[in-house]
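Residue numbering restarts at 1 for every chain, and letters A, B, ... go by the order of the sequence lines.
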Protein chains: 2
Amino acid sequence: MTAQGADVPEGDGQATARVAASPGTPDANGADVNGAGAIEVPAARERARSIPEAAVARLAVYLRALSSLAEQDITTVSSEELATAAGVNSAKLRKDLSYIGSYGTRGVGYEVEVLIGQIERTLGLTRKHSVAVVGIGNLGHALANYGGFPSRGFPVSALFDLDDDLVGVPVGGIPVSHIDDIVEVCSQREVTIGVIATPTQGAQEVCDRLVAGGVTCILNFAPIVLQVPEHVEVRKVDLAVEMQILSFHVARRQQESAAAAEVDGASDGGPPGGGAGLPGEIDSANRMVERL
Amino acid sequence: MTAQGADVPEGDGQATARVAASPGTPDANGADVNGAGAIEVPAARERARSIPEAAVARLAVYLRALSSLAEQDITTVSSEELATAAGVNSAKLRKDLSYIGSYGTRGVGYEVEVLIGQIERTLGLTRKHSVAVVGIGNLGHALANYGGFPSRGFPVSALFDLDDDLVGVPVGGIPVSHIDDIVEVCSQREVTIGVIATPTQGAQEVCDRLVAGGVTCILNFAPIVLQVPEHVEVRKVDLAVEMQILSFHVARRQQESAAAAEVDGASDGGPPGGGAGLPGEIDSANRMVERL
DNA sequence: ATTTGTGAAGCGATTCACAGCC
DNA sequence: GGCTGTGAATCGCTTCACAAAT
C-alpha cells in the first residue's frame, strides 16, 4: 500500500524536549493569541497552522491534477473524479479540501479554477520563491534545467559549485557562482529555498551557509541528516532509500509467494533464485546518491 | 520545528482502485494465508509482512548511518547515538529495530556489523535488483551516471529512450535501447526495478511496458499518478510537490509572525511591516531574474 | 438525485515508561 | 549504572456514514 509516512518530526533533541515539556498544551502560542487581542484574525490564517502535514503534501498533488484538468478546459470536477486523478479516495480528498475551506457546491462539485486558486493561496504559491541550487553535478544540472520549477512559481535564481571551471558558466541560463559566495548571493537575491545536490561531505557546510544567507527551506538530496536551527525546514529526498524500500517490497512479495507455495510442499522450497544470496553490501546504493 | 527527513509522496494509484472497490473489507489480503498450512514459517519471514511501512523507510536511513559508522571503524553503537545520527528519537529507533528482531545487548548497545547485516536481510538487499532507467534526459543521465553502481546493490542494467539519436549511445557504460524494446529487454535482463524519468506524456505508456516486461517495482519521477496492477509497487518522487510543501511552510511561518505582531496592533489591515522587530522578516521578493 | 462537508469511529504509528538484562 | 526491548498510552491520520445543500 505504499504508505506515505508524512515525515519524520523533530530534527533533534530539542524538539523532543519541547514535546515532553508540554503535555497538556499542544502548541504554546496558539491558544490565547485569538482569545481577546486579535479579533478579526481570518479563519483562513488560523486554519493554515492546523492542516495536517500529510494533507499539505496531497494538496500539491491535487493542484497538479487540477492544472491538468484546466488545460483540458474542464471547469467543474467532483470529489470522486479528482480523487481518482490524484490517486486517493474521495473521502480523503474532501477532508483535505475541507481544511482549506468550503469551496464546493453540493450536488455539483468543485470549480476547477476556484480550487486551484485556493490551493495555491494555501500553499503560499501566490508568492514567488527564489531557488538556489548548490552542486552542479549531474543532478544539479538536471535541476537547473528542470522546467517544472519555474513554471509553477519557483524561479531558480542562483547556482553554486565548488569547481572553478564551472564558476561563471551559465547553466540553464544562470551563471554558476562559487560556493564561497553563497551567503552573499543568497541574501542579495532573496533566496528562500535552497536545494542541496552536493556530495555528502560538503552538504552540512553548504547547509550552514545557506542558512546564514537567509534561506529557511532546504531540499536535501545528499544522504545525510542535516543539522539546522529550529526555524529552518528541511525535506530530504534520498534515492537510495527509495530503492531500498522498493527492494523490501520485492522481498516481501517473494516471501509471500514462497510461503504460499510452501503450504503444500513440506520441505523448504529452497532458495530458488538465490534466497540466501551473499551478504552483499549496499554501499553502492548509498554512494550513488553521493555522486550526484 | 525543523521537520527533518520525511519520505516522499506515495505511490498510490493502484491503491485507489483497490480501496474504492472494497467498501466493506478494509484490506483484501487478510491474514489467513498462514492459517494452518504453513507450519514452521520462521518468525523472521512472518515478521517482514508486519513491519510498518514507516519503519521500513527508516530502516534504510539507519542502514546508511550504520555504514558510515562502520567506515569509521566504530563497532558498537547505542540506540541514542544511532538515533541522533539518523535524525529520530531513540524510542522510535528501538521500536523499529524490534520489528526485525533482538540484536542488541542490554547495557551495551548494538554491534554495527550485525545490525547492518540484519537490516540488509530485512530489506532484501542480499539479492541484486537490476534497474532500468527510462528517459535519458537530464535526470535520466544523472541517474544512469551513478557511475559508482558497482556490481552490488542496484546495478543499472538497461537504459531506454525515445530518441533515435540516443539509442545505441552508451551512457554510464550502458548503451541506450529504444523504448519499443522495453518489454523484451527487461524480461531478458530480469529487471526488477524500473525508474521512470520521462516527461509526463509518455510515463503511463512506459509504465505499462515495464510492467509487461516483468517489472514489479517502479520509481516514478514523472508528475503523474500511474495506474498499475495490484502486484506492482510504485513510489513517486515529485520535486515540484516537495517545493510546494516547503513553500507552505514558508507561508505558514510568515503568517505566524504576522499574527504574533498583530497581537498588540488592534486594527486589522495587518501589513506585516507594522511590527518592526520581527525575527527573520523576509520581505516581498517580487520579480527577479525570471528565466524559464 | 447528487455531491459536499464533517463529526465520530477506527486504526496505525509514535511516544512513554518501565521491566529485564548486562 | 546503563541500555535494550516492549506493553500500554497517546496521538494523528484515515475512513465511515450521514446531515446539509443544491
For [N] and [X] - does any side-chain N or O of the residue sit under 4.0 Å from the phosphate oxygens OP1/OP2?
X        : N      : value
A/Tyr110 : C/dG5  : yes
A/Arg94  : D/dT15 : no
B/Asn89  : C/dT14 : no
B/Ser79  : D/dT4  : yes

Just verifying a value: how many Å separate [X] [atom1] and [Y] [atom2], rounded to the nearest 0.5 Å?
X        : Y        : atom1 : atom2 : value
A/Thr84  : A/Asn89  : OG1   : CG    : 9.5 Å
A/Ile119 : A/Ile100 : CD1   : CD1   : 5.0 Å
A/Leu66  : A/Glu120 : CG    : CD    : 9.5 Å
A/Thr192 : B/Leu246 : OG1   : CG    : 9.0 Å

Exercise. Nearest-nucleotide wise, let me know which of A/Gly107 and B/Val108 is further upstream toward the 5' end of DNA chain D.
Key: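 Going by which nucleotide is closer to the 5' end, it is B/Val108.
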
What is the distance from [atom1] of [X] to [atom2] of [N], rounded to the nearest Å?
X        : N      : atom1 : atom2 : answer
B/Leu97  : C/dT15 : CG    : P     : 15 Å
A/Tyr103 : D/dA21 : OH    : C1'   : 18 Å
B/Ile51  : D/dG5  : CD1   : P     : 14 Å
B/Glu80  : D/dT4  : CD    : P     : 8 Å
A/Lys95  : D/dG12 : NZ    : P     : 15 Å
B/Glu53  : D/dC13 : CD    : C1'   : 15 Å
A/Lys92  : C/dA9  : NZ    : P     : 21 Å
B/Leu93  : D/dC3  : CG    : P     : 14 Å

Quiz item: B/Ala54 side chain: which of C/dT14, D/dG5, D/dT14 is closest?
Solution: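 Nearest to the side chain of B/Ala54 among the choices is C/dT14.
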
Quiz prompt | Nearest to side-chain heavy atoms of B/Tyr99, which nucleotide of C/dT14, D/dC3, D/dT14 | solution =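 When the side chain of B/Tyr99 is considered, C/dT14 is the closest of C/dT14, D/dC3, D/dT14.
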
Quiz item: Of A/Gly109 and B/Thr105, whose nearest nucleotide on DNA chain C comes first from the 5' end?
Solution: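 It is A/Gly109, whose closest nucleotide lies nearer the 5' terminus.
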
Practice problem: Report yes if a donor N or O on one partner sits less than 3.5 Å from an acceptor N or O on the other, where the partners are the side chain of A/Arg106 and the base of C/dT4; otherwise report no. | Solution: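 Under the 3.5 Å cut-off, the side chain and the base do form a donor-acceptor pair.
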
Quiz item: Can A/Arg64 and B/Ile224 be said to form a side-chain contact (heavy atoms from CB on, under 4.5 Å), step by step?
Solution: CA-CA 8 Å; A/Arg64 191 185 309 271; B/Ile224 186 183; over 6 Å; no

